[in-house]
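Treat the numbers as computed from the prediction; the structure is a model and nothing was measured.
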Amino acid sequence: MKKIVYKLSILALAAVALSGCIKETFPQGSSATSEQVGGSSTALEASMSGIPAQMAQGYLVYGSQTHETDLGYPSFMMQFTELMGDIFPLGANTGYDWFRSYNICRNMADNTYYSYLPWRTLYMFVKSANDIIKAVNPENANAAQLAYLGMGYAYRAFDYYHLMNMYEPVLNKYTDCTKVQGLTVPIITDQTTEEEGKNNPRVTHDEMVKFILSDLDKAEEYLKDYKVTDLHYPSIAVVYGIKAKVYMSDKQYANAEKYARMAIDASKATPLTQAQWEDPSTGFNTANAAWMWYISYSAENMGNLCNWIGWASAESDWGYASLTIPGINRWIYDRIPDTDFRKHSWLDPLKYDYYDYKTCRTKEWIEELPAYTSLKFRCVGGDYKTYSIGGVCDVPLMRVEEMYYIEAEARGLQGDLAGGAALLQAFVSKYRQSDYTCIFKSEAAFEDEILFQKRVEFWGEGIAFFDAKRMQAGTLQYYEGTNAPGSYFYLNAEGIKPNWNYVIPNSEVSNNPALDGYNNPDPSQKISPAA
């Protein structure tokens, strides 16, 4: 196969081919420089198209059928939901839930697959963004090339937003993080040399926020007058949305509110309707008017085991969801009012006596499933038999609904609880639950409701994890009536669950001595299952 091999080395990572689309741009065996890529409109366009393809690439890190949790970006959607204890495998084959280590806080040491995979995945994404940025000289670029440059900065900011929030430790009662408090991850840019990458310490929170916002300022500059018509790529609205998320993480609430509203207005997106949400053919598998940014699977880059629908949709006959039967933590379901249509995303114990569930399967199939099984993510076109059809889905990276929640929370945390509650009520009552009302007497109660709403809204999408870590919300899995399967799943954590502070893999520490002695502590088995 003809490939482009990029010159830039980052940390200990090998160079990554962005996409099969780029393989014919230069002769076999050549090594394309950034000048060649930047000077060729075809090469630059192909390189850019490779980034969303890479984000949806199954077996991305290992390049072979090594582990079916190697999903690219969708892996984080499942990881984060597991970390919060919001998802349980409810079927008879719970052992096939390969993501369970994130839930039960095991196998998370620096020498395990579960520490290596997320780090490697995100820095592969960073590498791809750096290649785009390095390829474009803004001094002589045309409008399209400047837009690609802006997208490159947006992608890199998005990647470092995740790295910052995953690896910056929060003090907790289970592990001692005092030595690394306030540290995030090493920054690798398009200008970082191999030698610099081998002696690159973790930067502080303030340094990382400054770096991410600088990238987003550049993205805003280069995309502000460019209309992105294909939402596989970040638009100016997405840039505003990432800014809102970053400002929220940094507790700059006025800016978070400002940019969340700018994202809503610029996107012209409209929240999902009940009909769209519950559609048995297109529900959460096909881009719609609410999705600001998404990635897509193709039949050529997926297998029956390593794909999003095969993990997330119990309706599928392939993959692991058909064995594990993913469902919601019962206490969350029980808190959802019956008048909120999102409750229909999971099976009530009364089944059809409660609601006339829409499915591509039969009513008999529904009746055989355990209560609280998820029906949120659907097989494409209702095809639950053929993975190369039913699994060829779109996956949301950003929905406009997230911006409404950020806007409301940011308003409330500026000392205006009534204003924040009014924004939250306006959204939920208009789009989710017509009889919804909310009045809060404390900031803590307001935050609790915001997090609950986001857990319901973005269940399986991983969005609420960052809020839970910021709020130090803990997890609840062991309680009377729990539907957690097996005693080893009955884990409650106060404040911060220790593996919410991800561990840097030892392979990275070995190749970057500046990290030696500055890793997050091993969280494995620091929480004991309840008796």
Side-chain angles (χ1 to χ4, degrees), residues 78 80-97 99-106 172-174 314 324-340 342-355 357 366-376 433 436 438 440-442 444-460 464-465 467-469 471-500 523 525-531:
M78 189 63 73
F80 297 155
T81 310
E82 290 269 9
L83 281 166
M84 293 178 65
D86 286 0
I87 187 171
F88 293 144
L90 303 177
N93 295 292
T94 58
Y96 284 98
D97 176 18
F99 284 96
R100 66 184 179 273
S101 286
Y102 296 102
N103 187 311
I104 65 178
C105 206
R106 294 186 180 182
N172 63 92
K173 63 180 289 185
Y174 306 99
T324 62
I325 312 296
I328 194 170
N329 191 328
R330 177 181 173 177
W331 78 261
I332 302 174
Y333 179 85
D334 286 349
R335 181 171 163 178
I336 306 172
D338 289 344
T339 51
D340 186 336
R342 294 173 299 184
K343 195 166 188 175
H344 307 155
S345 301
W346 305 279
L347 293 181
D348 190 84
L350 296 177
K351 303 292 180 65
Y352 282 104
D353 287 337
Y354 173 75
Y355 185 68
Y357 294 101
I366 289 280
E367 293 290 1
E368 293 176 358
L369 290 172
Y372 314 110
T373 295
S374 169
L375 292 178
K376 178 176 178 179
Q433 178 191 341
Y436 181 77
C438 57
F440 301 103
K441 295 182 179 180
S442 71
F446 176 66
E447 287 281 73
D448 177 73
E449 179 64 12
I450 286 282
L451 181 58
F452 168 71
Q453 287 291 332
K454 293 183 81 168
R455 291 175 109 151
V456 174
E457 181 76 31
F458 301 107
W459 183 93
F465 166 68
D467 303 292
K469 186 172 179 179
M471 297 177 191
Q472 302 187 35
T475 58
L476 177 62
Q477 297 178 214
Y478 182 63
Y479 52 91
E480 185 176 353
T482 183
N483 61 331
S487 61
Y488 68 96
F489 266 90
Y490 293 1
L491 300 172
N492 296 339
E494 297 178 27
I496 293 293
K497 192 175 180 179
N499 62 335
W500 288 4
Q525 296 177 274
K526 298 301 183 182
I527 304 178
S528 300

Atom of Ile496, atom of Lys469 and distance for their closest heavy-atom approach: CD1-O, 3.5 Å
Go through Tyr436 and Asp340 one step at a time and tell me if the side chain to side chain contact (heavy atoms under 4.5 Å, CB included) criterion holds. CA-CA 8 Å; Tyr436 181 77; Asp340 186 336; over 6 Å; no
Mind checking whether Thr81 and Phe99 have side chains closer than 4.5 Å, heavy atoms only? no
Got Asn172 and Lys526 here, is their nearest side-chain heavy-atom distance under 4.5 Å? no
Could you tell me the separation between the CD1 atom of Ile328 and the OH atom of Tyr333, rounded to the nearest 0.5 Å? 9.0 Å
Name all pairs fulfilling the salt bridge (Lys or Arg N to Asp or Glu O under 4.0 Å) condition that reach into residues 483-495, sequence neighbours left out, sorted by first residue then second. Lys173-Glu494
Electrostatic pair Glu449:Arg335 at N-O distance under 4.0 angstrom: yes
For a 4.5 angstrom cut-off between non-hydrogen side-chain atoms, does Phe88 reach Pro485? yes
Would you compute the distance between atom NZ of Lys454 and atom CZ of Phe465 and round it to the nearest 0.5 angstrom? 13.0 Å
Please check if the side chain of Asn492 supplies one atom and the backbone of Gln477 the other of a donor-acceptor pair under 3.5 Å. yes
Of all heavy-atom pairs linking Cys105 and Pro498, the shortest is SG-CG, 3.7 Å
Run Thr482 and Arg330 through side chain to side chain contact (heavy atoms under 4.5 Å, CB included) and show every step you take. CA-CA 6 Å; Thr482 183; Arg330 177 181 173 177; over 6 Å; no
Candidate list Tyr479, Trp346, Tyr372, test side chain to side chain donor-acceptor pair (under 3.5 Å), partner Asn329, passing option: Tyr479
Side chain to side chain contact (heavy atoms under 4.5 Å, CB included), that's the test. Do Tyr355 and Lys343 meet it? Break it down for me. CA-CA 10 Å; Tyr355 185 68; Lys343 195 166 188 175; over 6 Å; no
Is it true that a side-chain atom of Thr475 and a backbone atom of Ala493 form a donor plus acceptor pair closer than 3.5 Å? yes
Taking NZ in Lys351 as the centre, count heavy atoms belonging to other residues, nucleotides or ligands within less than 6.0 Å. Is the count above 12? yes
Smallest separation among heavy atoms of Gly495 and Trp500, with atom names: O-CZ3, 3.7 Å
Exactly one of Tyr490, Phe489, Trp331 clears ring-ring contact (aromatic ring centres under 6.0 Å, His included) with Tyr478, and that residue is Tyr490
Rounding to 0.5 Å, atoms CG (Asp348) and CD1 (Ile336) come to a distance of 10.5 Å
Just so I know, are the side chains of Ile325 and Pro89 near enough to count as touching, which here means a heavy-atom distance under 4.5 Å? no
Measure up the Tyr357 and His344 rings against each other and bin them: parallel (under 30°), tilted (30 to 60°), perpendicular (over 60°). perpendicular
Lys376 side chain to Trp459 main-chain N or O, any donor-acceptor pair under 3.5 Å? yes
Greater than 12 external heavy atoms within 6.0 Å of Phe452's CZ: yes
Checking the side chain of Asp97 only, and the main-chain atoms of Leu90 only, is there a donor and an acceptor separated by less than 3.5 Å? no
To the nearest 0.5 Å, what is the distance between CG on Asn499 and CG on Leu83? 5.0 Å
Using 0.5 Å steps for rounding, measure from the CG atom of Leu491 to the CD atom of Gln525. 10.5 Å
Where is the tightest heavy-atom contact between Pro326 and Ile87, given as atom of each residue plus distance? CB-CD1, 3.9 Å
What's the verdict on side chain to side chain contact (heavy atoms under 4.5 Å, CB included) for Thr94 and Arg100, showing C-alpha distance, side-chain angles and the deciding distance? CA-CA 9 Å; Thr94 58; Arg100 66 184 179 273; over 6 Å; no
Any donor-acceptor pair under 3.5 Å from Lys497 side chain to Asn103 backbone: yes
